[in-house]
S.K.: 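I'd like to ask you about the structure that follows.
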Protein chains: 2
Amino acid sequence: MVTIKDVARRAGVSVATVSRVLNKSGPVSPEAASRIHEAADALHYVPHGGARSLITSKTSTIGVLLPDLYGGFFSEMIRGIDQTAQQHGYHLLLSGSHNRRAEMEAAMRAMRGRTDGLIAMSPHFDAATLVQNLPPSLPVILLSCEAGGAQYQVIAIDNAGGAEAMVKHLLALGHRRIAMVKGEEGHFDTDERLQGYRSALQAAGIAPDPAYEVQGDFSEASGSRAVKELLALPVPPTAIFCANDSMAIGGLHAVHDAGLRVPADITVVGFDDIPLANYLSPPLSSVHVPIFEMGERAATRLIAALKGEPVSERRHERLPTQLVVRSSCAPPRG
Amino acid sequence: MVTIKDVARRAGVSVATVSRVLNKSGPVSPEAASRIHEAADALHYVPHGGARSLITSKTSTIGVLLPDLYGGFFSEMIRGIDQTAQQHGYHLLLSGSHNRRAEMEAAMRAMRGRTDGLIAMSPHFDAATLVQNLPPSLPVILLSCEAGGAQYQVIAIDNAGGAEAMVKHLLALGHRRIAMVKGEEGHFDTDERLQGYRSALQAAGIAPDPAYEVQGDFSEASGSRAVKELLALPVPPTAIFCANDSMAIGGLHAVHDAGLRVPADITVVGFDDIPLANYLSPPLSSVHVPIFEMGERAATRLIAALKGEPVSERRHERLPTQLVVRSSCAPPRG
DNA sequence: TTGTAGGCGTTATCAG
DNA sequence: CTGATAACGCCTACAA
């Protein structure tokens, strides 16, 4: 491996001078500088990141911990993070598949000394307690999880607001019997979406009906199952709000299989507004979630923290969602 | 930051002993070992990756260089890489958005000393020449690019075979006037798919018609434009093969806008088999590409190389594609 | 079984 | 303006 010493030797100077030139730190004579650049180029010299980080205690690397890497959701988020990181000269150390707490902890530990800061998403368990095992000096941005006091910076989606907006829209269409297919149990986003659903109903003076809250797990199959169950009820709902689009797709199938039509016979809506939503038949009404922006925002805040900039007073941030009305909803029949 | 020294002090031993315990290298008395483990846990000690890599010259990190991070394609590939890497105790240093050669080069350089090996995808330019700037000792797996001699390991999709299979299917349905919407210019996969299209026609004794080869750029809009152009021809084709599914979606729209129906009036097919393909109306026939497997394969081969295992004789590997026939194709009308 | 000491590639702090 | 030299945190002979 070619080191700074090789460059120094070839340029006929000391390593200190080479370092000064390459980091633009300190005065160097123009001729020496050009000789050094020449030598470095010829040798294809690149400083060793590890050695550098050892002394500067900076790695120019951001750690990203995600529960999964599946589907368009995480792809978009990583894209947002990567774009911002790249602009500021940071690399990304990525680690997915941490659905279990122990895995997440191991991954966090493994990142010590390799990253300057962390972006972690853990909708399944309280990330704040998890982060306590980390040195307090390590800046961390938490995504989509319990706030856990004001000591950590948290960025999340306005799940409750989005769900509320959707249910209010259904109410405005005239629906009174509105069911919800809930997402994975113990999932942060799910719980909040359920809350939004309930509070919108409550605001309209409608008592919550346990039979109208069916458990799903975010999968298409579970959505199909849940909707089938709802349709079999003595008094079935006139509208079904699914906690995500995948389940809504399953729901669409279930409705079709039952010989009914959307939206003529029943309304089905989702949450997330994945690209597919617009291509379904009928196009699915949903709640748009700014995933790319969430990644961008997380990276921006982390880098600010890395630069020692003071944290803005609002440590907990909510990214707004947006209601997207397509043709999968209509007023209830007769 | 808590270092090995802190652990040593707390356990009342020397740093050497701590190192021996933590790396299971060398004999240590049971009591000392337990004291050390205790101390390490209490202090939340994790060795500094940089310092360690300095002396072992190993980073346990794989660099991943991609042209882009947009869409389901890269997400799937990263997932494949990550899963395999994790199983073998490797981290992922990710870097996207390298459509320009200079960017790619910069990213490669920046990874020196941070990774044990590289997985690089660069469909736009010859990656082999690019890699020449890297130290020859650095194991590299190239994805979807020119072979560039036998000195590098390359993994690619069987684009030509997939295209051929699709066109042969159309021929078998009775089509003779088959057009192709080409992908982005100078793109590796595109060129190969075009080749497959041409050779299938040739094998059927059909002379290639330049008017039936329209330029696209992988975007939905370009597909729409290209298909519109084809429909306006004096003798329009009876089937249109798009180099990817996005363009096929645009093509579907164009056909619809022209007042025609798929597949009754004209056949439209794509390539890639993205999840969306199955949900379009009509469901789109396409060529399935094993993206996740490509990522898996690349990581597996790289890790084998990292362990010093000899490279299997076939340095250039082609992953098989699979024809997926749905209802967007039918025999030509009348 | 244990500790001491040297060195990995850099940068930073000194003298010159 | 430049060059020794001491860290940074860790591993590994070599000695004890």
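Protein chains get the first letters and strands the later ones, always in sequence-line order, with residue 1 at the start of each. All values reported here derive from a predicted model rather than from experimental measurement.
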S.K.: Measure from CZ on B:R114 to P on C:dG9 and round the result to the nearest Å.
M.R.: 16 Å
S.K.: May I have all residue pairs that pass side-chain hydrogen bond (donor to acceptor under 3.5 Å, both in side chains) and include part of residues 42-53 of chain A, sequence neighbours excluded?
M.R.: A:N23-A:R52
S.K.: For residues A:N159 and A:D191, determine if any side-chain heavy atom of one lies less than 4.5 Å from a side-chain heavy atom of the other.
M.R.: no
S.K.: Mind listing the N/O atom pairs, protein and nucleotides 14-16 of chain C, below 3.5 Å?
M.R.:
none

S.K.: For B:I55 and C:dC8, what is the distance between atoms CD1 and C1' respectively, to the nearest whole Å?
M.R.: 6 Å
S.K.: Students often get this wrong, so: under 4.0 angstrom with heavy atoms, is B:V21 touching a base, only sugar-phosphate, or nothing?
M.R.: nothing
S.K.: Figure out the CE/P separation between A:M1 and C:dG9, and round it to whole Å.
M.R.: 7 Å
S.K.: Considering only residues two or more places apart or on different chains, which pairs with a residue in residues 60-70 of chain B satisfy side-chain hydrogen bond (donor to acceptor under 3.5 Å, both in side chains)?
M.R.: A:R114-B:T61
S.K.: Start with the C-alpha gap between B:F74 and A:R79, add the side-chain angles, then the distance that decides, and say whether side chain to side chain contact (heavy atoms under 4.5 Å, CB included) holds.
M.R.: CA-CA 10 Å; B:F74 298 105; A:R79 201 166 67 85; over 6 Å; no
S.K.: Check each residue of residues 2-18 of chain A for a non-hydrogen atom within less than 4.0 Å of any atom in DNA chain C, then write out the ones that pass by number, or none.
M.R.: A:T3, A:I4, A:A16
S.K.: Under 4.0 Å between a side-chain N/O of A:S19 and OP1 or OP2 of C:dT10, yes or no?
M.R.: no
S.K.: At the 4.0 Å heavy-atom cut-off to chain B, mark where contacts on DNA chain D begin and end, going 5' to 3'.
M.R.: D:dG9 to D:dT12
S.K.: With the side chain counted from C-beta on, respond yes when B:M1 and A:S57 share a heavy-atom pair under 4.5 Å apart, and no when they do not.
M.R.: no
S.K.: Between B:M111 and B:L65, does a side chain to side chain contact (heavy atoms under 4.5 Å, CB included) hold up when you go through it step by step?
M.R.: CA-CA 10 Å; B:M111 283 194 169; B:L65 289 169; 4.0 Å; yes
S.K.: Is there side-chain contact between B:L22 and B:I36, with at least one heavy-atom pair below 4.5 Å?
M.R.: yes
S.K.: Apply side chain to side chain contact (heavy atoms under 4.5 Å, CB included) to A:S95 and B:H91, showing your working.
M.R.: CA-CA 7 Å; A:S95 194; B:H91 293 260; 5.5 Å; no
S.K.: Within this structure, what is the NZ-to-C1' distance between A:K24 and C:dA12, rounded to whole angstrom?
M.R.: 18 Å
S.K.: For the CZ atom on B:R100, are there more than 12 heavy atoms of other groups (residues, nucleotides or ligands in this structure) within a distance under 6.0 Å?
M.R.: no
S.K.: Near DNA chain C, counting only heavy atoms under 4.0 Å, which residues of residues 32-41 of chain B show up?
M.R.: B:A32
S.K.: Identify which one of A:E296, A:E317, A:E309 satisfies the salt bridge (Lys or Arg N to Asp or Glu O under 4.0 Å) criterion when paired with A:R301.
M.R.: A:E317
S.K.: Select base, sugar-phosphate, or nothing to describe what B:P27 touches, counting heavy atoms under 4.0 Å on all strands.
M.R.: base
S.K.: Applying side chain to side chain contact (heavy atoms under 4.5 Å, CB included), run through A:I78 and A:L66 and close with a yes or a no.
M.R.: CA-CA 10 Å; A:I78 294 172; A:L66 299 175; 3.9 Å; yes
S.K.: If you draw a 6.0 Å radius around CD in B:E105, do more than 12 non-hydrogen atoms from other residues or ligands fall strictly inside?
M.R.: yes
S.K.: Might you work through the salt bridge (Lys or Arg N to Asp or Glu O under 4.0 Å) test for B:E38 and B:R35, ending with a clear yes or no?
M.R.: CA-CA 5 Å; B:E38 221 169 284; B:R35 277 213 315 282; over 6 Å; no
S.K.: Can you identify which nucleotide, out of C:dT1, C:dT11, C:dG9, has its nearest atom closest to the B:S29 side chain?
M.R.: C:dT1
